[in-house]
Amino acid sequence: MFNNTSNLLLQTMLYLAQTDNITFPLNYTAEANNVILEGDNVEVKCYGEYGCFSLIGPWQDVSSRPVNVFPEKPEKIAPRYCLYTRNNRNACQYLDHKDHNSVITSHVIPSMPTYFITHGFLEGGDRPWLKEISRQILRRYDANVIIIDWERGSGSPYTQAVANIRMVGRITAHLINVIRKELGLNVGNIHLIGHSLGSHLCGYVGSVLQTNFGVTVGRITGLDPAEPHFSQTDPMVRLDPSDAMYVDIIHTDSRPFIKGGELGLGMSSPIGHLDFYPNGGENQPGCNHGMMKYINRENGSFYQGMRRFLACDHVRAHEYFNESVNTLCNFVAIECDSYEEFLSGECFSCLSDTKWVCDRWATGKNMPPLLPVPLILMHRHIYVYTHSQTETRHFVRTYTE
């Protein structure tokens, strides 16, 4: 009963978050919003060097996107990029694509792998899980880790945050291009990691880099990509396999957004080259504890504890990823048509007539953090041929307290 109550409460919170300030002005002016209107066309707006944004075509869908708005101006969102390396593990070094000197004098090592990590709705770059993943990566690899902090654009209403990640994606692509030009960074050695809305943000970064700068990132990892406003949309609108050489997804909260008093915040459909569904991708172990446990984990913060309690399945995605970076026990997943068949033991073979059907997610033993050519060859049957013909799902059981 309490579980149903909590789900209904979360629905109410999200509704309020989406409808807060819903009187978002429809008649923009260049003076008020620092944008250029394309003639009398209020369906397209341009933001200087970041280009134009449209609300029509694939961005307009009555069923999946009943409310659609433009991104806020770049100065309002003002994303920040915090660099950590083994030379500055605990001291953030900020990068700004408009200040090339901040890049040139930074600790960025262009010959090393580069990771971008970002958050989702109602969060910011100071969240402990972002810094923990950064620490784990630097513990294992000599690398550049950059946390994308777009907190000023991640607040309510949800519809505005959805629009703002389009702008953050373009700004991030510009920063990567500056690092590439100034330091000779190999974009193929970039791994973008995003949770929830941050997953689709990473997709926009990859897409803009290809369209505007003619380069492709090596890998994008989507950690339970957000479902509201992205389910059953055109690939241009969401993260999809074309955004990087390799796209992998971890689904942990893939129930329908609102169904029978329950709520799922993540997408259920396979949208990457390889999609993992731990514990079926819905109900995660350890997510049935009392709310006080989560408040205590968040150092007594009622707000953060409540969010963690209500979105426990959703945040498991970045917790699993963090665990996988330096684990001594790999997460082995098995390809199966359904979780029910997986549980009944019908898929417990890593060999079929023509291909391997098991794999390890994230940065496990047989999966490098990036995507060199050998990885494509090693997994070609699963990632390329299988996914291009039919949707595949890989299941794994986890045990969490």
Side-chain angles (χ1 to χ4, degrees), residues 2-20 117-133 150-151 154-162 165 193-201 221-231 239 249-268 276-323 398 400-401:
F2 186 67
N3 185 50
N4 286 336
T5 302
S6 68
N7 283 325
L8 289 171
L9 178 58
L10 179 54
Q11 293 174 29
T12 302
M13 291 173 63
L14 283 174
Y15 174 78
L16 292 175
Q18 292 192 58
T19 54
D20 179 35
I117 315 171
T118 191
H119 57 87
F121 182 49
L122 297 178
E123 288 199 305
D126 61 343
R127 296 298 298 140
W129 69 267
L130 289 164
K131 296 180 179 179
E132 180 58 26
I133 290 180
W150 58 287
E151 182 175 15
S154 72
S156 63
Y158 177 77
T159 49
Q160 186 62 66
V162 167
I165 62 174
I193 305 162
H195 177 244
S196 194
L197 274 185
S199 300
H200 302 296
L201 189 163
T221 297
L223 304 175
D224 210 33
E227 183 209 27
H229 286 229
F230 296 95
S231 179
L239 174 61
I249 311 293
I250 301 177
H251 300 265
T252 56
D253 192 20
S254 61
R255 290 167 295 181
F257 180 50
I258 297 178
K259 181 180 180 180
E262 295 187 342
L263 180 147
L265 300 176
M267 298 186 72
S268 60
F276 296 101
Y277 293 80
N279 307 296
E282 296 186 1
N283 300 308
Q284 304 305 315
C287 284
N288 56 352
H289 297 298
M291 186 170 65
M292 286 306 301
K293 182 173 182 177
Y294 299 100
I295 293 176
N296 292 333
R297 284 185 179 179
E298 295 293 335
N299 299 317
S301 169
F302 177 82
Y303 173 72
Q304 293 295 345
M306 172 69 81
R307 288 189 64 228
R308 186 180 179 88
F309 167 68
L310 295 175
C312 180
D313 296 320
H314 194 43
V315 304
R316 277 285 188 260
H318 63 66
E319 293 174 338
Y320 289 151
F321 182 88
N322 180 64
E323 176 67 20
T398 66
T400 307
E401 295 188 6

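This chain uses plain numbering: 1 for the first residue, then up along the sequence.
- Counting only heavy atoms from C-beta outward, the side chains of Trp129 and Asn322 never approach each other to under 4.5 Å.
- Note that the OG atom of Ser154 and the CD1 atom of Ile165 stand 11.0 Å from one another [nearest 0.5 Å].
- We find the CD-OG distance between Gln160 and Ser156 to be 10.0 Å, quoted to the nearest 0.5 Å.
- With hydrogens and angles ignored, the 3.5 Å screen pairs no side-chain donor or acceptor of Thr118 with any backbone N or O of Gly194.
- Residues Trp150 and Leu197 have side chains in contact (heavy-atom distance under 4.5 Å, counting atoms from C-beta outward).
- Counted by atom type alone, His314 and Ser196 present one or more donor-acceptor pairs between their side chains at under 3.5 Å.
- From Asp253, atom CG reaches atom CG of Leu223 across 13.0 Å, with rounding to the nearest 0.5 Å.
- Between Pro278 and Ile250 there is a side-chain heavy-atom pair separated by less than 4.5 Å.
- Rounded to the nearest 0.5 Å, atoms NE2 (His318) and CD1 (Ile117) are 11.5 Å apart.
- Side-chain contact check for Asp313 and Gln284: no donor-acceptor pair (N or O, by modelled atom type) lies under 3.5 Å.
- For the atom pair OG (Ser268) and OH (Tyr277), the distance works out to 6.5 Å, reported to the nearest 0.5 Å.
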**Request:** Give the C-alpha distance, both sets of side-chain angles, the deciding distance and a yes or no for ring pair (Phe, Tyr, Trp, His ring centres under 6.0 Å) between His195 and His119.
**Result:** CA-CA 5 Å; His195 177 244; His119 57 87; 9.7 Å; no
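- Checked by atom type and distance alone, the side chain of Ser254 pairs as donor or acceptor with a backbone atom of Gly281 at under 3.5 Å.
- Pro285 and Asn279 get closest at one heavy-atom pair: CD-ND2, 3.2 Å.
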**Prompt:** Going through the checks in order, is the side-chain contact (heavy atoms from CB on, under 4.5 Å) test met by Leu265 and Glu227?
**Reply:** CA-CA 6 Å; Leu265 300 176; Glu227 183 209 27; over 6 Å; no
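- With values rounded to the nearest 0.5 angstrom, Thr221 atom OG1 is found 7.5 Å from Ile249 atom CD1.
- A distance-only check finds a donor-acceptor pair linking the side chain of His200 to the backbone of Ala226 [under 3.5 Å].
- Classification of the Tyr158-Phe121 ring pair by plane angle, with boundaries at 30° and 60°, yields perpendicular.
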